[in-house]
Structures are given as structure tokens and as C-alpha cells.
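Working notes for the structure below.
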Protein chains: 2
Amino acid sequence: MKPMSNHEGFVLRLENFLPYRLVVAASLVSQATARTYATKYGIGIAEWRVIAQLGEFGTMTAKQIGTRSHMHKTKVSRAVATLTRKKMLAKRANRDDKREAFLSLSPIGLEIYESIAPAAQALSQRMFGEVSAEDRAAFERVLDTVTARAAALADTGAELPD
Amino acid sequence: MKPMSNHEGFVLRLENFLPYRLVVAASLVSQATARTYATKYGIGIAEWRVIAQLGEFGTMTAKQIGTRSHMHKTKVSRAVATLTRKKMLAKRANRDDKREAFLSLSPIGLEIYESIAPAAQALSQRMFGEVSAEDRAAFERVLDTVTARAAALADTGAELPD
DNA sequence: GCAAAGTAGTTACAAATGAAACCAATGTCA
DNA sequence: TGACATTGGTTTCATTTGTAACTACTTTGC
């Protein structure tokens, strides 16, 4: 599409601008998944991400969950609180450091995990399914370098929405 | 990294899970850019996106801006309001349809655009600069298909296969 | 041992957000 | 024409979010 700008200077073509396209794509993906998790499983994105971490790694502190998932610590704290209220999490005190606690999935939480994880996989398949193996590999490479670069640039502090 | 889960069923490896990686990458990119725009130009992401659209296309209605940029209409409305307050936008009534108005950049808005656009380009270069042309092309292809798929899933509210 | 500095996690508060109600103008169709 | 649906855009309201302040605990340096 040709830009119709009425000025002479620098013109940024958003439709070719990768940061913009990346953010738009991610926000659509995020919406689609959020909707599915919410309507079919009554669970928010932050909660799901906590469950997913614990489902994969078994036992973690809130801090570790936050670091691994790039979630703000207040978001983790709140997600953990609601999941605890819903009896999906088990919290075990750490005797060697009473500030933190070891979190893991309760039987109910595990049940949820075991039902959502394949559904998430299927949803991913629907979004990325028709991508060739080569393109997929390239895509992953680019995601890696960009993630590293952007993390370095964003470094001085702030955190993620979804 | 090896999963340490203590259960036997399905395990989703988030570090290989594309939707997740996409969202994380985008959110880091978004943060990095937001920070730059905010601190260096005193402008928010939504406002910048409105400016960017108008800088590229000259004149648009709020509806068109929303559609092209995938922004919620209230977000567009608010961004337009603050930009108008800052005298960065010119609003011209549409005589043929009094509900909408034609928006474009004022001289001040254009000045901002001309100063941010190259900075955005430079920032993008820093994030995607070391990506090869082939990988970049593949990346764009994948973004396109995923954007289309996710958009379809997001607004139909399609269900998951069971 | 102890004060100062740092860390895990929670909470208070203010800003950003989206769903839904709303307003004014336009389109539709009998 | 005139009722009714629709659309562009704004506003209201409840929720979500992040920043900063805070609590409780731990580490460091002396």
C-alpha cells in the first residue's frame, strides 16, 4: 500500500515496520488465547502462566515464576493469591528462608493443567500449523535475538502487560 | 532446560511454545519502545501509533485509525483527545457524514512525527539489525499468517477442538 | 553482635484499560 | 415518511495494571 502522506520528510511505513507488526501479532494471539482460556476454563492469562510454569517445573518460588515468565511480581502475587483461593496451588514454607515459599500445583491445579495444556498446544497448532519447518526455525531464531536485544534495551526496570 | 515436573501426563514446554515466546518478545519490544518515546518525547504508545498512522497516510477518520492499527476504539478516542489537547492534530468535519471527522497532523504534530519516526527506525535497527535477510523474510511470512489466523480466532471466538 | 542494606512478597493508590451504555447522525425498508 | 437498526465516536464504570511504599526476613560489613 502506498503512503498518502502530504508531507515531504521521512515516512515510516508501519506495514513494513517489524516492531509494530510483532506487537500487533502478539496482541491478537494473546487475545485469542485469553478468550479461550477464560471462556472454557474460567481462568485468566496470568493465572494460566503461573500454572504452566508449575506444570512444567514442579516447584518454584513466586520470584522464580516471575523471572522465568517475565511477569511483574505484583501480577504473580495476585495470580498466586487467586489460584490459592481456588485451591489450585499448594504452598509450602521454606524453612531456610521464611520470606519465600515453595509453590506447586495441587491435585485440582494439576487436573486443570492436564486439561488446558493440550488445548493450548492445539490452539498453537491452529495458529502456526501451516508454517513450514524452515520458516518456523527462522522465526524462532529471530524471536531469540530480538528478545535478547529488546530485553537489554528495556533493561532499566519496568515490566510486562500481556 | 529439562522439565522437573513431578507428574506423569502431558507437559507443555513453554520455552518451545511459540505463542508464549511471541508474546514475551513483543512485550519486551513494546516496553523498550514505550520507554524511549515516553522519556525522550513525552508521548504514550497509543498516541504515537495515532501519529504514525496519520504521518503515513495523511488524513484518516478515527475509525480507520482503529482498524488499521488494531486499537480499541476507546483507546483511539482518548489518544485523539490528548493529541488534540496538545495541538498535534487537526480535525476537519466531514460534511457528508457529520458523525465522523477527518484527522490529520498539525504542523506541531508533523514536527513530532518527523523527529520520532527516524528514532523508531533506529531503534528497530538495533533490535532487528543483526537478523539476516532470509530470516527476516521468513519472520515476516510467519507474522503474516499468524496475524491472520489469530485475528480470525480472536474475533469469531472460535472454540477449541476437544 | 548489630546496624545498614538488600530481598521475597503484599498492599495502597493512581493510571490505563475495555465492556457496555450512550448520543448524534445515517441507512434501511415498509 | 417514519419507525427501527446501524454506525462513528464519547463517556461511564468496574477491572486490571504498575509504581511505590511497606512488612518481614536475610545478608553484609564492621
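Atoms considered below: every heavy atom in the structure, side chains included; atoms not considered: hydrogens, waters and symmetry mates. Proteins get letters first, then strands, A, B, ... in listed order; numbering begins at 1 in each.
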message = Run the salt bridge (Lys or Arg N to Asp or Glu O under 4.0 Å) test on Arg21(B) and Glu140(A) for me, step by step, so that the C-alpha distance in whole Å, both residues' side-chain angles and the decisive distance to 0.1 Å come before the verdict.
response = CA-CA 9 Å; Arg21(B) 291 176 60 187; Glu140(A) 298 198 33; 2.7 Å; yes
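- With sequence neighbours excluded, the residues satisfying salt bridge (charged side-chain N to carboxylate O under 4.0 Å, His left out) with Arg149(A) are Glu130(B).
- The interatomic distance linking Ile65(A) (CD1) with dG9(C) (P) rounds to 9 Å, in whole Å.
- Every residue meeting the side chain to side chain contact (heavy atoms under 4.5 Å, CB included) condition with Arg99(B), not counting sequence neighbours, appears here in chain and number order: Asp97(B).
- At a threshold of 4.0 angstrom between heavy atoms, the contacts of Ala81(A) with the nucleic acid are absent.
- Less than 4.0 Å separates DNA chain C from no heavy atom of any residue of residues 82-90 of chain B.
- Partners of Thr84(A) by side chain to side chain contact (heavy atoms under 4.5 Å, CB included), not counting sequence neighbours, listed by chain and number: Val80(A), Leu89(A), Lys91(A).
- By the side chain to side chain contact (heavy atoms under 4.5 Å, CB included) test, Ala90(B) is found to be paired with Ser104(B), residues two or more places apart in sequence or in another chain being considered.
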inquiry  = Can you build the contact string for nucleotides 17-26 of chain C? Use B for base contact, S for sugar-phosphate-only contact, and - for no protein heavy atom under 4.0 Å.
reply    = BBBB---BBS
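- The side chain of Ser77(B) places an N or O atom within less than 4.0 Å of a non-bridging phosphate oxygen (OP1 or OP2) of dT10(D).
- Checked against side chain to side chain contact (heavy atoms under 4.5 Å, CB included), Ala34(A) has the following partners two or more places apart in sequence or in another chain: Ile45(A).
- Taking the ring pair (Phe, Tyr, Trp, His ring centres under 6.0 Å) definition, one finds that Phe17(B) meets it with nothing, sequence neighbours left out.
- One interatomic measurement links the two molecules: NZ of Lys63(A) to P of dG6(C), which rounds to 14 Å at whole-angstrom precision.
- Within the structure, the salt bridge (charged side-chain N to carboxylate O under 4.0 Å, His left out) test picks out no pair touching residues 23-33 of chain A (sequence neighbours left out).
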